[in-house]
Protein chains: 2
Amino acid sequence: MAKSKSVTIADVARLAEVSMGTVSRVVNRDPTVRPVTRKAVMAAVDRLGYRPNFNARNLRLRQTQTIGLLMGNLTQALVPLAIRGIERALRPHGYALIISDGASDEDVEQEALSTLLDRRVDGILWMPHIRRSAAEARVTPGAPPVVFFGQASPSESVPTAMVEESAALEEMARDLLALGHTELSYIGVGPAAHGRLRRLHPILNELGMACPPNRQLLLSRDEDTYEAVARLLHADPRPTALLFGPHGLVPSALRAIRDAGLQLPRDLSLVAFGETDWAEVLNPSLSVIGVDYLTHAQDAAGMLLRHIDGDDDAPRVIRHRSEYIRRESAGPAPALQA
Amino acid sequence: MAKSKSVTIADVARLAEVSMGTVSRVVNRDPTVRPVTRKAVMAAVDRLGYRPNFNARNLRLRQTQTIGLLMGNLTQALVPLAIRGIERALRPHGYALIISDGASDEDVEQEALSTLLDRRVDGILWMPHIRRSAAEARVTPGAPPVVFFGQASPSESVPTAMVEESAALEEMARDLLALGHTELSYIGVGPAAHGRLRRLHPILNELGMACPPNRQLLLSRDEDTYEAVARLLHADPRPTALLFGPHGLVPSALRAIRDAGLQLPRDLSLVAFGETDWAEVLNPSLSVIGVDYLTHAQDAAGMLLRHIDGDDDAPRVIRHRSEYIRRESAGPAPALQA
DNA sequence: ATGAAAGCGCTAACAT
DNA sequence: ATGTTAGCGCTTTCAT
């Protein structure tokens, strides 16, 4: 490691012929320094190209001005937007963002959390891949504030930014019902899929739609999508409507559908979680349940910041709505057409 | 800021009835400590829930075990993959990743760089949005090692991980030529677009294809795509083949094409930089010039690590190939069909 | 208004 | 094999 001996506050003090304390005061805009000395110090700062060492400062102050982003699965389309949103919330407060990937693996996610903790981040924004209860168990007293985000239900113990999906889900269900669909298959990935299915169930029931357990697909890996969907399409009777977990599964699913010789929406209707620019230009265009992840992540970061500041009035739950956007991929159920 | 008084090495030392030095040695796996004392220290560590303070340690060691990722524009589809690749390279070495977004804005990018520098990252992985010369000027001696990545040409002064596009570009050009296209319009965004156009030009010339300057679109913002493409489609004669900068522009472009009443590939051929899962399921499927950004970023990070280690044999340029993948969106030029 | 000095939590000589 | 101690670069009382 190249330890470039950077210029320190002592160097500046020496050159400006003042004490280190004074330099510190100048750098931190303490108003009690005389303009003259301020000028002198500034001159020395410029001359030496001095940059305060954030880490030394933070050691002294016992904080890091850094928040950690822990993504259970970093390879998701929403990530760039989420990061941008978070940065937007953080920048005005001078916080930096350190990012950690759980790689959809329980052990890695655990280790990623440890990394963040070791570095003494001031707070953590966490979109867990592991089971929620497991995640909750990890946030212990003594640890820095944690905020879950991207969740579909509030957590008892951890402040949560959640995406309210029931309304959109119900709207979708009504729409599909009106189109003659009497059941729906959900295809999701990871532990979160279970929860979503659990929430979907009563909504469908309420409307008199079926949600047959044997026609739901709870995958553990994205890669299994093609095969699993292909298999599902050979069931008898064939499902008429499919709902996909994150939309990242959709391309594989579309290939499976095409390879099975089926056409959307004639033979099958399809809806996916997550809006994307591609949805509208697909042929047929893709119906989605959309979420503004930039705002979501930004607000989650804002909430975390308030908790870090020890603001006891900071909300423990915030909700963002999602929205059903009907496009061409949802159409009349095949039976009706016959 | 809640400064939870964490347990320090001194606490452990006291409990274990050894000196701080010994605790440090145990924690850092110094083999010279007697097993007995090691055991005792470990016990104390567990009992107190001691976690070494990475920042204090790093201050002392004059390094941060952190590298910075500076993305000129973070809202790009390649970002999740790139991050995962980088993490993959970093994790075994215990480095953390701090991420900074330039938001496609010169000032923001500059500021983002400063953030990284202030935090004394050990090295920086930079995919600039600003002009390359400007970026080069920013990496001064005394600053930590920097590696550019995602570049299309090597830098004289800064180690660079580059994506070799000429071969794929030429392959594409030959393909289009064989299909009867005699010219190509490039639509790109940001400063990088200029460079790409400059490289494209001779390749087309060589093959006898035209690259009329007035039919190239160098946008400054993604948002301008729809309008610009729409305008381009009204030119006379209409372009027969379009090449798109990052594929993020494609959805807007497809809308413009559709709204102009044109069809791919009958009226127009289209190729985009960047492979995506959506390309294959689009209708018609999308021809692309694909790059393995995970590997690219991973290798870039590997190169940076070697430079950080002061390895003088570390390469200053590494190249990754890109690959032309012809799909349905590239077809015979309209004139030939008539 | 400024200087002197203690100390944030840790490591690495240097002793013993 | 382990203890002691001097810093890493900074902020902040406490004096003056």
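Chain letters run A, B, ... following the sequence lines, proteins first, then strands; residues in each count from 1. Only a predicted model underlies this, so the values are computations on that prediction, with no experimental measurement involved.
Nearest heavy-atom pair, A/Ser100 versus B/Glu87, reported as atom, atom and distance to 0.1 Å: CA-OE2, 3.5 Å. Annotation for B/Trp126 and B/Ile130: closest pair CZ2-CD1, 4.0 Å, computed over non-hydrogen atoms. Between B/Gly49 and B/Val7, the shortest heavy-atom contact is O-CG1, 4.3 Å. B/Arg84 approaches A/Asn73 most closely through the heavy-atom pair NH2-OD1, 3.1 Å. Heavy atoms only, all atoms of each residue included: B/Leu116 and B/Gly68 are closest at CG-CA, 4.0 Å.
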Check: residues 141-157 of chain B side-chain donor-acceptor pairs under 3.5 Å, at least two apart:
residue	atom	partner	partner atom	Å
B/Gln151	OE1	B/Arg132	NH1	3.1
B/Gln151	NE2	B/Phe149	O	3.1
B/Ser155	OG	B/Glu136	OE2	2.6
B/Ser155	OG	B/Ser157	N	3.2
B/Ser155	OG	B/Val158	N	3.0

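Atom CG of A/Asp118 is separated from atom C1' of C/dC10 by 14 Å (rounded to the nearest Å). Rounded to whole Å, the distance from CZ on B/Arg119 to P on D/dC10 is 15 Å. Counting to the nearest Å, the C1' atom of D/dT11 and the CD atom of A/Gln63 are 12 Å from each other. The distance between atom CZ of B/Arg120 and atom P of D/dG9, rounded to the nearest whole Å, is 9 Å. Atom CG of A/Asn55 and atom P of D/dC10 are 10 Å apart (whole Å). For B/Ile9 and D/dG3, the CD1 to C1' distance is 13 Å, given to the nearest whole Å.
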Under 3.5 Å, which N/O atoms of the protein pair with N/O atoms of nucleotides 4-8 of chain D?
residue	atom	partner	partner atom	Å
D/dG7	N2	B/Arg60	NH1	3.2
D/dC8	O2	B/Arg60	N	3.3

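A salt bridge links A/Asp11 with A/Arg14: the distance from a Lys NZ or Arg NE/NH1/NH2 to an Asp or Glu carboxylate oxygen falls below 4.0 Å.
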**OP:** Take A/Asn58 and A/Thr64 through the test side-chain hydrogen bond (donor to acceptor under 3.5 Å, both in side chains) and record every step on the way to the result.
**Re:** CA-CA 5 Å; A/Asn58 287 340; A/Thr64 54; 5.9 Å; no
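The side chain of A/Ser24 contributes no N or O atom lying less than 4.0 Å from OP1 or OP2 of D/dC10. Considering only side-chain N and O atoms, B/Arg57 lies nowhere under 4.0 angstrom from the phosphate OP1 or OP2 of C/dG9.
Counting heavy atoms of neighbouring residues, nucleotides and ligands inside a 6.0 Å radius, atom CD of B/Glu17 does not exceed 12 of them.
Evaluation of the side-chain hydrogen bond (donor to acceptor under 3.5 Å, both in side chains) test over residues 31-45 of chain A, restricted to residues two or more places apart or in two chains, returns A/Asp30-A/Thr32.
Comparing the end axes of the helix from C/dA1-D/dT16 to C/dT16-D/dA1, each fitted to five base pairs by superposing C1' atoms of four pairs onto the next four, gives an inter-axis angle of 40° (nearest 10 degrees).
A distance of 10.0 Å separates CG in A/Leu70 from CG in A/Leu117, rounded to the nearest 0.5 Å.
With A/Val41 as reference, A/Val12 is the one residue of A/Val27, A/Val12, A/Leu15, A/Asp46 to meet the side chain to side chain contact (heavy atoms under 4.5 Å, CB included) rule.
Residues of residues 28-38 of chain A that place a heavy atom closer than 4.0 Å to DNA chain C, in numerical order, are A/Thr32, A/Val33, A/Arg34, A/Thr37. Within a heavy-atom distance below 4.0 Å of DNA chain C, no residue of residues 40-53 of chain A is found.
Looking only at distances, a side-chain donor or acceptor of A/Asp101 sits under 3.5 Å from a matching main-chain atom of A/Ala103.
Ring orientation note: the planes of B/Tyr293 and B/His296 are nearly perpendicular, at an angle over 60° on the 30°/60° scale.
Within the 4.0 angstrom heavy-atom criterion, only backbone atoms of the sugar-phosphate kind lie near B/Val18; the bases stay farther away.
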